[in-house]
Amino acid sequence: MKVNQDMLKLRYTSRVVQEVQRRLNISEREAEDRLQNTAYNKLMDSDPEFVMHYPARVWVDKLFKFEFAHNH
């Protein structure tokens with residue numbers, strides 16, 4: 001059961017990373033680095049069911065609105 005959830009989390013986060021990568025036109029590695037200290041990452045660790053209840057783009061939009069807005 002745990003392995004299954006870990007796989008779902010990885011796939012879901014991969015979609016978020018790809019969208020961040022696309023929007024910022026950066027490498028996958030840079031996109032992963034951008035996610036490291038975000039609320040998204042903390043929430044995915046503590047409550048993945050809540051996070052995955054929403055489409056990945058919802059979190060990407062929130063990341064850009066609240067986390068990345070001051071980094072451009």
For the residue pair [X] and [Y], what are the closest heavy atoms and their distance?
X	Y	value
Gln21	Ile26	CG-O, 2.8 Å
Ser46	Pro48	C-CD, 3.7 Å
Ala31	Val17	CB-O, 3.6 Å
Tyr54	Tyr12	O-OH, 2.5 Å

Are [X] and [Y] side-chain neighbours, meaning at least one heavy-atom pair lies under 4.5 Å?
X	Y	value
Lys62	Glu67	no
Met44	Val16	no
Leu24	Phe64	yes
Tyr40	Thr13	yes
Asp47	Glu49	yes
Leu35	Leu63	yes

Counting heavy atoms not belonging to [X], are there more than 12 under 6.0 Å from its [atom1]?
X	atom1	result
Arg57	CZ	no
Lys42	NZ	yes
Asn37	CG	no

(request) Please list, chain by chain and in numerical order, all residues satisfying salt bridge (charged side-chain N to carboxylate O under 4.0 Å, His left out) with Glu32, sequence neighbours excluded. (result)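 Salt bridge (charged side-chain N to carboxylate O under 4.0 Å, His left out) list for Glu32, sorted by chain: Arg29.
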(message) Going by salt bridge (charged side-chain N to carboxylate O under 4.0 Å, His left out), name the residues that satisfy it together with Arg11, two or more places apart in sequence or in a different chain.
(response)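 Arg11 satisfies salt bridge (charged side-chain N to carboxylate O under 4.0 Å, His left out) with no other residue.
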(message) Parallel, tilted or perpendicular, judged at 30° and 60°: which one describes the rings of Phe50 and Trp59?
(response)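 Perpendicular, since the angle between the ring planes exceeds 60°.
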(request) Could you tell me whether Glu30 and Arg34 make a salt bridge, using a distance below 4.0 angstrom between a side-chain N and a carboxylate O? (result)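 Between Arg34 and Glu30 there is no salt bridge, as every charged N stays at least 4.0 Å from the carboxylate O atoms.
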